[in-house]
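Okay, structure first, notes after.
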Amino acid sequence: AFVYAWFAASVLRGRRGRFTAGALGSALATLVLLNLAGPDEVIVRTNAWRARHGQAFDTAHIASLGAGAVPAVLAVLPDLSPRVRCDAERRLLERWVGVPLHRNDVWTIERWRARSLLERQSTPACWGQRIGP
């Protein structure tokens with residue numbers, strides 16, 4: 001929406017040279033805001049809020065999120081039932097710990113942080129338990 005408004009304010013008024021700077025500035029601001037907001041963290045916290053209000057905690061979806069979601073998941077695990085907590089933890093361990101990077105994957109600080117947090121904070125009582133059918 002900003003780019004369209006900026007287009008109207010710059011190009012349509014004969015100030016073409018200003019449009020590029022404004023559009024690039026808008027793109028940079030959008031990237032910064034998305035990184036600050038942490039969409040994966042917002043999804044985890046929303047899912048936990050829903051679970052506290054009687055709806056199911058979607059462990060499969062939570063485990064499919066990026067490495068940036070792992071600290072948020074670990075923060076909400078104590079609020080969940082033991083069964084759901086073990087299921088979420090098991091899925092995270094399967095995804096992030098002990099699995100080598102695939103050929104096309106890239107090492108990132110988020111992935112390193114997710115692995116180290118899970119290795120330090122996982123509950124041995126949940127390891128190896130089969131959850132579900």
Side-chain angles (χ1 to χ4, degrees):
F2 174 80
V3 173
Y4 288 124
W6 186 247
F7 179 80
S10 61
V11 174
L12 297 180
R13 291 188 177 182
R15 300 179 192 143
R16 264 190 225 174
R18 293 184 175 187
F19 175 73
T20 304
L24 290 175
S26 169
L28 180 62
T30 300
L31 288 173
V32 168
L33 289 174
L34 282 174
N35 278 310
L36 290 175
D40 287 346
E41 188 174 331
V42 172
I43 292 170
V44 170
R45 294 196 190 290
T46 302
N47 204 334
W49 180 85
R50 293 178 69 218
R52 284 191 296 271
H53 290 86
Q55 296 180 8
F57 187 81
D58 191 356
T59 56
H61 179 65
I62 293 302
S64 72
L65 296 174
V70 171
V73 173
L74 292 176
V76 301
L77 282 181
D79 299 339
L80 303 173
S81 71
R83 178 182 169 96
V84 174
R85 183 173 48 239
C86 282
D87 184 32
E89 190 173 295
R90 180 185 54 82
R91 288 174 188 261
L92 288 174
L93 286 168
E94 286 173 359
R95 172 132 193 241
W96 297 110
V97 178
V99 178
L101 290 176
H102 296 291
R103 196 172 79 211
N104 295 331
D105 285 347
V106 176
W107 182 91
T108 64
I109 290 175
E110 276 190 338
R111 287 179 182 212
W112 171 80
R113 184 174 178 212
R115 283 179 87 128
S116 63
L117 283 173
L118 283 166
E119 288 170 348
R120 282 184 284 147
Q121 295 182 13
S122 60
T123 310
C126 293
W127 297 352
Q129 281 190 14
R130 179 163 167 70
I131 308 292

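Predicted model, so just to flag it, every value in this text is computed and none were measured. Because only heavy atoms are used, hydrogens play no part in the values below, and waters and symmetry mates are left out as well, while side chains stay in.
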Only counting residues at least two apart or in another chain, list the ones meeting salt bridge (charged side-chain N to carboxylate O under 4.0 Å, His left out) with Arg113.
none
Going by chain and number, the hydrophobic cluster around Tyr4 (ILVMFWY, side chain to side chain under 4.5 Å) further includes none
Within a strict 4.5 Å, meaning less than it, do heavy atoms of the Leu77 and Leu80 side chains meet?
yes
Report all side-chain donor-acceptor pairs from residues 7-32 shorter than 3.5 Å, counting only partners two or more places apart or in another chain.
unit_1	atom_1	unit_2	atom_2	d
Ser10	OG	Trp6	O	2.7
Thr30	OG1	Ser26	O	2.9

With rounding to the nearest 0.5 Å, note down the distance linking CZ in Arg45 to CG in Asp40.
12.0 Å
Going by chain and number, the hydrophobic cluster around Val42 (ILVMFWY, side chain to side chain under 4.5 Å) further includes none
Output, in order, the C-alpha distance, side-chain angles, deciding distance and verdict of salt bridge (Lys or Arg N to Asp or Glu O under 4.0 Å) for Arg85 and Glu89.
CA-CA 6 Å; Arg85 183 173 48 239; Glu89 190 173 295; over 6 Å; no
Side-chain donor-acceptor distances from residues 53-69 under 3.5 Å, at least two apart:
unit_1	atom_1	unit_2	atom_2	d
His53	ND1	Trp49	O	2.8
Gln55	OE1	Arg50	NE	2.7
Gln55	OE1	Arg50	NH2	2.4
Asp58	OD1	His61	N	3.3
Thr59	OG1	Asp87	OD2	2.6
Thr59	OG1	Arg91	NE	3.3
Ser64	OG	His61	O	2.7

